[in-house]
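Both backbone and side-chain heavy atoms feed into the values below; hydrogens, waters and symmetry mates do not.
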Amino acid sequence: MCGITGIFDTRGTRDIDRAVLQRMNDAQFHRGPDEGSVHVEPGLGLGHRRLSIIDIATGQQPLFNEDGSVVVVFNGEIYNYQQLIPELQAAGHTFRTKSDTEVIVHAWEQWGEACVERFRGMFAFALWDRGRQTLFLARDRLGVKPLYYALLDDGRLLFGSELKSLLADGGLKRDLDPLAVEEYFALGYVAEPRTIFGQARKLPPAHTLAIRRGAPLPEPREYWDVRFTLDNPIALDEACAELQHRLQESVRLRMIAEVPLGAFLSGGVDSSAVVATMAGLSAEPVNTCSIAFDDPKYNESEFAQKVASRYRTNHRVETVKSDDFDLIDTLATLYDEPYADSSAIPTYRVCQLARKHVTVALSGDGGDENFAGYRRYRLHLMEERLRSALPLSVRQPVFGLLGRVYPKADWAPRVLRAKTTFEGMARTSVEAYFHSVSLLRGPMRAQLFSPAFKALLGGYDARQVFERHAARAGTDDPLALVQYLDLKTYLVGDINTKVDRASMAHSLEVREPLMDHPLVEWLATLPNHLKVRGHEGKVLLKKAMEPLLPHDVLYRPKMGFAVPLERWFRGPLKQRVKDAVLGERLAATGWFDRKYLEHLVHAHHSGVRDYSAPLWSLLMFDAFLRQVVDGGKAAPAARVHEEATPA
């Protein structure tokens with residue numbers, strides 16, 4: 001695991017300022033504290049920070065081919081590199097190292113841009129081919145590893161693992177993209193390919209970008225997508241055996257390391273399945289770590305302990321106090337963009353704990369999306385059955401009216417919240433799912449934003465992110481469609497972003513066996529009854545793990561990885577929230593309706609409504625403006641990116 005960065009002159013071979021490149025590289029020191037190096041040649045500079053995992057002795061980067069004409073900087077792991085090396089050697093390539101990094105340069109020579117199709121792993125890399133005068137950027141299929149880039153007005157292309165590397169150049173404009181702000185308040189993150197800064201972009205998952213010197217910047221090219229065919233006739237017992245085999249293979253590949261290795265163990269189904277599989281593959285006890293909470297409502301450490309005891313793991317637990325909110329400013333600088341998933345706090349803490357004992361940790365991320373574990377999937381299917389009974393032309397006016405006039409009941413279980421159900425019934429399937437997962441739903445954003453900001457949006461709605469992906473999903477099956485949407489949005493923009501920044505802040509590599517792309521492809525062929533039955537999700541995973549895990553670990557209600565925002569904002573953070581939400585910084589943007597901000601604060605503090613989610617999003621947006629945009633200084637109104645247009 002590493003950090004990469006670079007500068008490329010798209011117009012010619014102007015000198016690259018080594019000091020600037022070094023500053024960009026140093027901005028990501030936390031991603032690779034073991035070694036750091038830069039390479040500069042006419043019109044090109046590459047930087048790399050290394051966290052040594054594989055081939056510690058000879059795997060330094062930037063890494064060149066035999067004649068020095070091809071060079072790569074790489075972040076991540078190519079898990080099938082040991083299978084690719086003999087194949088490339090048989091084709092005439094000579095290896096100087098035993099690293100997965102060197103596979104990339106020879107694979108490029110052998111297969112060109114199609115090399116990424118041969119890689120099984122999590123990766124983001126930049127490769128320069130001097131002979132072709134081409135810079136090649138690539139990102140893994142499921143977006144585990146990040147890659148940002150920006151074309152500056154002077155023709156220089158900047159890229160890096162984190163936005164802070166691009167900002168360190170000094171030439172990137174810090175003007176904010178209003179469309180990204182809309183996406184943030186709708187989703188809690190800025191969706192790919194947009195970033196909060198109008199001049200910068202994220203390379204989307206499963207995409208490459210080949211930039212030839214002297215040519216215009218092309219659009220990224222997609223090299224992979226998952227297809228939900230649901231046409232596999234496999235029986236449950238056979239599917240369980242197949243899943244166990246595939247999971248063992250995925251975990252085994254991710255246990256290759258020359259440094260201490262372990263796993264996160266939350267006590268949930270996904271991480272417990274990974275630990276149980278690791279234990280079956282390891283001759284030594286597995287290193288596991290858990291975060292416990294002093295608030296019983298959020299604490300599932302007893303279930304983690306059951307799994308740890310069953311497999312006699314070297315288990316470490318640390319308790320996070322329920323008032324562990326001193327990370328707000330740290331998170332703002334960590335993520336470089338506004339990011340509103342409050343579970344980033346315990347994620348940061350579990351990574352901090354793990355790094356005391358291991359350098360690599362396996363996680364259960366991706367399990368909910370791929371095995372259909374989210375409760376919202378089952379609620380969506382229930383609503384979908386109701387929607388299918390009436391045409392939209394009937395549902396829209398009738399249920400739209402009921403949704404507007406019916407009182408909101410935050411206190412009730414969602415299935416009993418008639419207002420939420422009515423609102424969902426008045427929408428199309430994609431609109432309804434977007435509405436259900438939105439941090440601030442459409443009517444709330446309409447009240448939150450000022451008329452001036454709405455004019456900047458020009459009619460853009462973050463719902464278009466979902467509609468764009470839905471148009472390419474290749475399925476109209478209700479469950480498959482929302483799984484596809486989550487794989488393209490929530491998994492990438494929220495989960496993977498959260499884990500990458502939290503882990504790399506502690507120089508910890510996290511590997512995700514449940515996001516192995518052959519496993520993802522196979523799961524997408526399975527019929528829905530192997531994923532959801534009635535009120536039970538993850539049917540196949542749970543059944544396959546029954547011989548390996550306690551029943552109450554598999555079949556207890558899902559808890560999640562949450563923090564008590566509602567109580568914080570009425571207690572120890574009450575004044576801080578008020579100062580931030582009603583303070584000068586948000587007011588100076590001119591983007592928010594002052595009366596609605598006052599309503600959010602006062603209604604929450606009085607206990608009339610639970611507005612913890614919107615208040616947290618506003619608190620983190622204020623922290624982003626202060627820590628990232630203003631560098632901790634007071635600032636005038638946020639600058640708007642001039643070319644922001646609905647897209």
Side-chain angles (χ1 to χ4, degrees), residues 148 150 163 166-167 172-202 328 331-333 335-342 344 434-435 437-468 489-490 492-494 497 580-594 596-597 600 611 613-631 635-647:
Y148 296 84
L163 266 174
L166 278 62
L167 291 169
L172 179 69
K173 296 175 183 177
R174 300 197 182 206
D175 298 356
L176 305 189
D177 182 350
L179 311 189
V181 175
E182 153 71 5
E183 290 178 4
Y184 165 70
F185 281 102
L187 300 170
Y189 55 89
V190 179
E192 330 285 294
R194 213 178 300 279
T195 77
I196 193 64
F197 299 112
Q199 201 174 28
R201 285 289 179 268
K202 304 178 183 93
I328 292 173
L331 294 178
T333 55
Y335 289 90
D336 299 327
E337 297 186 272
Y339 179 80
D341 186 342
S342 59
F434 172 77
H435 180 75
V437 301
S438 292
L439 189 70
L440 278 75
R441 292 172 175 170
M444 183 175 282
R445 299 199 306 282
Q447 297 178 80
L448 176 70
F449 295 139
S450 68
F453 184 76
K454 292 174 187 175
L456 290 174
L457 291 178
Y460 179 75
D461 190 300
R463 183 187 69 250
Q464 294 176 34
V465 173
F466 278 45
E467 291 174 340
R468 183 178 75 246
T489 58
Y490 182 71
V492 181
D494 190 303
T497 299
V581 175
L582 303 182
E584 295 181 2
R585 197 170 306 276
L586 292 186
T589 66
W591 292 352
F592 303 99
D593 183 279
R594 174 74 182 189
Y596 192 65
L597 293 181
L600 293 175
Y611 280 137
L615 290 175
W616 177 259
S617 67
L618 287 160
L619 184 64
M620 295 309 297
F621 191 74
D622 174 77
F624 159 75
L625 292 176
R626 175 165 35 85
Q627 296 295 114
V628 180
V629 177
D630 305 339
R639 297 186 301 275
V640 177
H641 181 58
E642 295 177 357
E643 297 179 6
T645 54

Looking only at heavy atoms, which two atoms of Leu619 and Ala580 are closest? And how far apart? CD1-CB, 3.6 Å
Test salt bridge (Lys or Arg N to Asp or Glu O under 4.0 Å) on Arg463 and Asp461; report intermediate values, then the result. CA-CA 5 Å; Arg463 183 187 69 250; Asp461 190 300; 3.6 Å; yes
Looking at side-chain heavy atoms only, is the closest gap between Trp591 and Val181 below 4.5 Å? yes
Would you call the rings of Phe453 and Phe449 parallel, tilted or perpendicular, taking 30° and 60° as the class edges? tilted
Show the nearest heavy-atom pair for residues Thr195 and Ala180, with the distance to one decimal. O-CB, 3.3 Å
CZ-CZ distance between Arg585 and Arg626, expressed to the nearest 0.5 angstrom: 6.5 Å
Would you check if the side chain of Gln627 reaches a backbone N or O of Thr333 as a donor-acceptor pair within less than 3.5 Å? no
Can you measure from CG (Leu163) to OH (Tyr335) and round to the nearest 0.5 angstrom? 14.0 Å
Can you measure from CZ (Arg194) to CG (Leu179) and round to the nearest 0.5 angstrom? 4.5 Å
Taking the side chain as C-beta and beyond, is there a heavy-atom pair between Tyr611 and Leu618 under 4.5 Å? no
Any side-chain to backbone donor/acceptor pair from Arg594 onto Ser450? Under 3.5 Å, distance only. no
CE-CG distance between Met444 and Leu600, expressed to the nearest 0.5 angstrom: 6.0 Å
Give me the ring orientation class for Phe624 and Phe197: parallel if the planes are under 30° apart, tilted from 30 to 60°, perpendicular past 60°. tilted
Verify side chain to side chain contact (heavy atoms under 4.5 Å, CB included) between Leu597 and Leu448, making sure each step is shown before the conclusion. CA-CA 7 Å; Leu597 293 181; Leu448 176 70; 3.7 Å; yes
For Tyr189, give me all partners under side-chain hydrogen bond (donor to acceptor under 3.5 Å, both in side chains), at least two apart in sequence or on another chain. none
On a heavy-atom basis, the closest approach of Leu439 and Gly188 is CD2-CA, 3.8 Å
Should Glu183 and Tyr460 be marked as a side chain to side chain contact (heavy atoms under 4.5 Å, CB included) after you check the CA-CA gap, both sets of side-chain angles, and the distance that decides it? CA-CA 10 Å; Glu183 290 178 4; Tyr460 179 75; 2.6 Å; yes
Within the side chain of Tyr339, is there an N or O that forms a donor-acceptor pair under 3.5 Å with the backbone of Val190? no
Is there a donor-acceptor pair closer than 3.5 Å between any side-chain N or O of Glu337 and the backbone N or O of Ile196? yes
When you measure from the centre of the six-membered ring of Phe434, is the NZ or CZ of Arg445 under 6.0 Å away and within 45° of the axis? no
State, yes or no, whether a side-chain contact exists between Leu625 and Thr589 at a heavy-atom distance under 4.5 Å. yes
To the nearest 0.5 angstrom, please state how far the CG atom of Leu167 sits from the CG atom of Leu172. 5.5 Å
Scanning both residues in full, the closest heavy-atom pair of Trp616 with Ala340 reads CD1-O, 3.2 Å
Working to the nearest 0.5 angstrom, can you tell me the gap between Asp341 CG and Thr497 OG1? 10.0 Å
Donor-acceptor pair, side chain of Lys202 and main chain of Tyr148, under 3.5 angstrom: no
Val628 and Asp336 have their tightest heavy-atom pair at CG1-O, 3.7 Å
Ring-plane angle category for Phe592 and Phe621, please: parallel below 30°, perpendicular beyond 60°, tilted otherwise. perpendicular
Can you see which heavy atom on Asp593 is nearest to which on Gln447, and at what distance? CB-O, 3.4 Å
